[in-house]
Amino acid sequence: MIKNGHHATERDEAGCSEPVHSPEKRKRVVRLWCDGCYDMVHYGHSNQLRQAKGMGDYLIAGVHTDEEISKHKGPPVFTQEERYKMVRAIKWVDEIVEGAPYVTTLETLDKYNCDFCVHGDDITLTVDGKDTYEEVKRAGRYRECKRTQGVSTTDLVGRMLLMTKSHHSNMDNPDYQQHTDNFGKGPKGHSPWTGVSQFLQTSQKIIQFASGKEPQPGDTIIYVAGAFDLFHIGHVDFLEMVYKQAEKPYVIVGLHFDQVLNSPISNVSVFFLREPHYVSEVVIGAPYAVGKDLLDHFKVDLVCHGKTEVFPDKDGSDPYAEPKKRGVFKTIDSGNNLTTDDIVQRIIENRLQFEARNQKKEAKEIAVMEAMKKREQQEQQIEAAAAQTAH
């Protein structure tokens, strides 16, 4: 079966295609190219890169500059240097190309000796509404993976604009729904690729990202806890520094969910850091207080926290009282002071620009959808006319 110019393949729940060739049959390394803005890196980005790596051996990720993104889409949230560093930390990426062109060409694929380009099954358009992958598609050097439903940069931006310190969830808030309309719905309709939706984690999705690594004799068990909300380069720098606290570290991350903190924006991303990717195990829905039972269960040798403020537990107690009592608590200075609140502030300061960016993006996508629909109708009419003539 041929689909979109290539052989269709079976996909797992997160959309990963089986490798193009089995390892036994490969006679050479298959080199892959992915590119993108990779702004506010989330599960959808990492899942696309995971799927792409499953199609070959060596994955190169091209990351666009701030100037290119501003020209074609609008201002990015993160600087290009922050985005370069974030993509380098993703475990499926073997190499990154800084300042990759926004339009993917055969010249770029040839320059980096890549067999083909991999992109999701959504559409990426230039400032004048052209498909950025048109040239490589025509040449048969384009492969497609499944877009991750329910998570997008648009969604993250919308949720951040309505964050407060008192709420637990904005999903049913009428102001939030109105704001999602501003971000995910243009004046002429709705695009399936741009919009606010809710991402649902499943055990299968999480298993596909987990390392499955068990602690070994001599490992130092290090525990860190937090929301890791809107996973960003500040988190990467912190976890890298935590990893350096021991010769043979086994880092366990305790993730706090809605019941403890505000609605998390995108925290499953701790799974996708590279090997050694600083995180060996993740405790989902970890208790806010790091108590005796948790420390004993995981045989924790060291508990680390960054320089951000530690808020007291619901009863007013210090959530790190037990590790401090045992003398196993350590404050880590990663040298990076970036916080989720800082990122939220960037969004708020440029709110109108981001709303305009997303509406503009969706308007282009709707125009392409209408053109595709019109072409499909014309093809159906031609086929129907040909069938009548044959009879």
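These numbers come from a predicted model, not from an experiment.
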A.B. asks: Side chains of I233 and L338: does their closest heavy-atom pair fall under 4.5 Å?
C.D. replies: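 Yes. Closest side-chain heavy atoms under 4.5 Å.
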A.B. asks: Donor-acceptor check, side chain of D237 to backbone of N336, threshold 3.5 angstrom: yes or no?
C.D. replies: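 No.
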A.B. asks: Indicate the atoms forming the closest heavy-atom contact of V29 with D115, along with that distance.
C.D. replies: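 Taking V29 first and D115 second, the nearest heavy atoms are O-OD2, 4.0 Å.
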A.B. asks: Ring-plane angle category for H72 and Y102, please: parallel below 30°, perpendicular beyond 60°, tilted otherwise.
C.D. replies: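 Plane angle under 30°, so parallel.
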A.B. asks: Any side-chain heavy atom of Y142 sitting closer than 4.5 Å to one from T104?
C.D. replies: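 No. Closest side-chain heavy atoms not under 4.5 Å.
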A.B. asks: Membership question, hydrophobic clusters at under 4.5 Å side-chain separation (ILVMFWY): are V279 and L294 in the same one?
C.D. replies: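 The answer is no; the residues belong to distinct hydrophobic clusters.
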A.B. asks: Answer yes if the side chains of Q216 and K248 hold a donor-acceptor pair under 3.5 Å, and no otherwise.
C.D. replies: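 Side-chain D/A pair, Q216 to K248: absent.
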A.B. asks: Which donor-acceptor pairs under 3.5 Å do side chains of residues 302-312 form with protein atoms, sequence neighbours excluded?
C.D. replies:
none

A.B. asks: Can you tell me if R50 uses its side chain to pair, donor with acceptor, with the backbone of K91 under 3.5 Å?
C.D. replies: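 Checked: no pair found.
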A.B. asks: Check E82, E98, E95 against R88 for a salt bridge (Lys or Arg N to Asp or Glu O under 4.0 Å) and give me the one that passes.
C.D. replies: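 Among the candidates, only E98 passes.
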A.B. asks: Show the nearest heavy-atom pair for residues V118 and C34, with the distance to one decimal.
C.D. replies: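 Scanning both residues completely, I find the closest heavy atoms to be O-SG, 3.5 Å.
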A.B. asks: Please check if the distance between the ring centroids of W33 and Y112 is under 6.0 Å.
C.D. replies: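 Yes - the distance between ring centres of W33 and Y112 falls below the 6.0 Å cut-off.
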A.B. asks: Tell me whether R28 is salt-bridged to D57, with the criterion being a basic N under 4.0 Å from an acidic carboxylate O.
C.D. replies: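 Salt bridge between R28 and D57, a charged N being under 4.0 Å from a carboxylate O: no.
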A.B. asks: Salt bridge (charged side-chain N to carboxylate O under 4.0 Å, His left out): which pairs involve residues 320-329, sequence neighbours left out?
C.D. replies: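 As it turns out, the salt bridge (charged side-chain N to carboxylate O under 4.0 Å, His left out) pairs with a partner in residues 320-329, which skip direct neighbours, are D296-R326, D318-K324, E322-R326.
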A.B. asks: According to salt bridge (charged side-chain N to carboxylate O under 4.0 Å, His left out), who are the partners of K244, at least two apart in sequence or on a separate chain?
C.D. replies: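 In terms of salt bridge (charged side-chain N to carboxylate O under 4.0 Å, His left out), with neighbours along the sequence ignored, K244 is linked to E240.
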A.B. asks: Taking C-beta and beyond as the side chain, do Y133 and T105 meet within less than 4.5 Å on heavy atoms?
C.D. replies: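 A side-chain contact is absent here, since even the closest heavy-atom pair is not under 4.5 Å.
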A.B. asks: Determine whether I252 and V282 make a side-chain contact, defined as any pair of heavy atoms from C-beta on separated by less than 4.5 Å.
C.D. replies: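 The answer is no; the side chains never approach within 4.5 Å.
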A.B. asks: Shared ILVMFWY cluster between Y320 and M241, side chains joined below 4.5 angstrom?
C.D. replies: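 Cluster IDs for Y320 and M241 differ.
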A.B. asks: Do I222 and Q245 have side-chain heavy atoms sitting under 4.5 Å apart?
C.D. replies: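 I222 vs Q245: side chains touch.
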A.B. asks: Do L32 and I60 have side chains that get closer than 4.5 Å, going by heavy atoms?
C.D. replies: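 L32 does not reach I60 side chain to side chain.
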A.B. asks: So that I can tick it off, tell me whether R138 and E134 are bridged by a salt bridge, with the cut-off set at under 4.0 angstrom between side-chain N and carboxylate O.
C.D. replies: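 Salt bridge between E134 and R138, a charged N being under 4.0 Å from a carboxylate O: yes.
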A.B. asks: Look at the side chain of D219 and the backbone N and O of I221, then say whether any donor-acceptor pair between them is shorter than 3.5 Å.
C.D. replies: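 Judged by distance alone, no pair lies under 3.5 Å.
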A.B. asks: I'd like to know if K71 and D66 make a salt bridge, using a cut-off of under 4.0 Å between side-chain N and carboxylate O.
C.D. replies: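 No, no charged N to carboxylate O under 4.0 Å.
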A.B. asks: Any heavy-atom pair between the side chains of R141 and L106 that's under 4.5 Å?
C.D. replies: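 Touching, per the 4.5 Å side-chain cut-off.
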A.B. asks: Might you confirm whether atom CG of N337 has over 12 heavy atoms from other residues, nucleotides or ligands at distances under 6.0 Å?
C.D. replies: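 Open.
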A.B. asks: Determine whether a donor-acceptor pair (N or O, by modelled atom type, separation under 3.5 Å) exists between the side chain of H64 and the backbone of A100.
C.D. replies: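 Here the side-chain-to-backbone pair exists.
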A.B. asks: When you measure from the side chain of R83 to the backbone of V63, do you find a donor-acceptor pair of N or O atoms at a distance under 3.5 Å?
C.D. replies: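 Not a single qualifying donor-acceptor pair exists.
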A.B. asks: Side chains of T220 and D301: do they bring a donor and an acceptor to under 3.5 Å?
C.D. replies: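 No.
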A.B. asks: If you count every heavy atom of other residues, nucleotides or ligands that lies below 6.0 Å from E67 atom CD, does the total exceed 12?
C.D. replies: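 Counting neighbours around CD of E67, 12 or fewer heavy atoms of other residues, nucleotides or ligands fall under 6.0 Å, so no.
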A.B. asks: How about D315 and S317: does a side-chain donor come under 3.5 Å of a side-chain acceptor?
C.D. replies: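 Indeed, the side chains of D315 and S317 share at least one donor-acceptor pair under 3.5 Å.
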A.B. asks: Is it true that a side-chain atom of D110 and a backbone atom of E107 form a donor plus acceptor pair closer than 3.5 Å?
C.D. replies: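 Judged by distance alone, no pair lies under 3.5 Å.
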A.B. asks: Are R143 and F116 in a cation-pi contact, defined as NZ or CZ under 6.0 Å from the six-membered ring centre and within 45° of the axis?
C.D. replies: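 That pair qualifies as a cation-pi contact.
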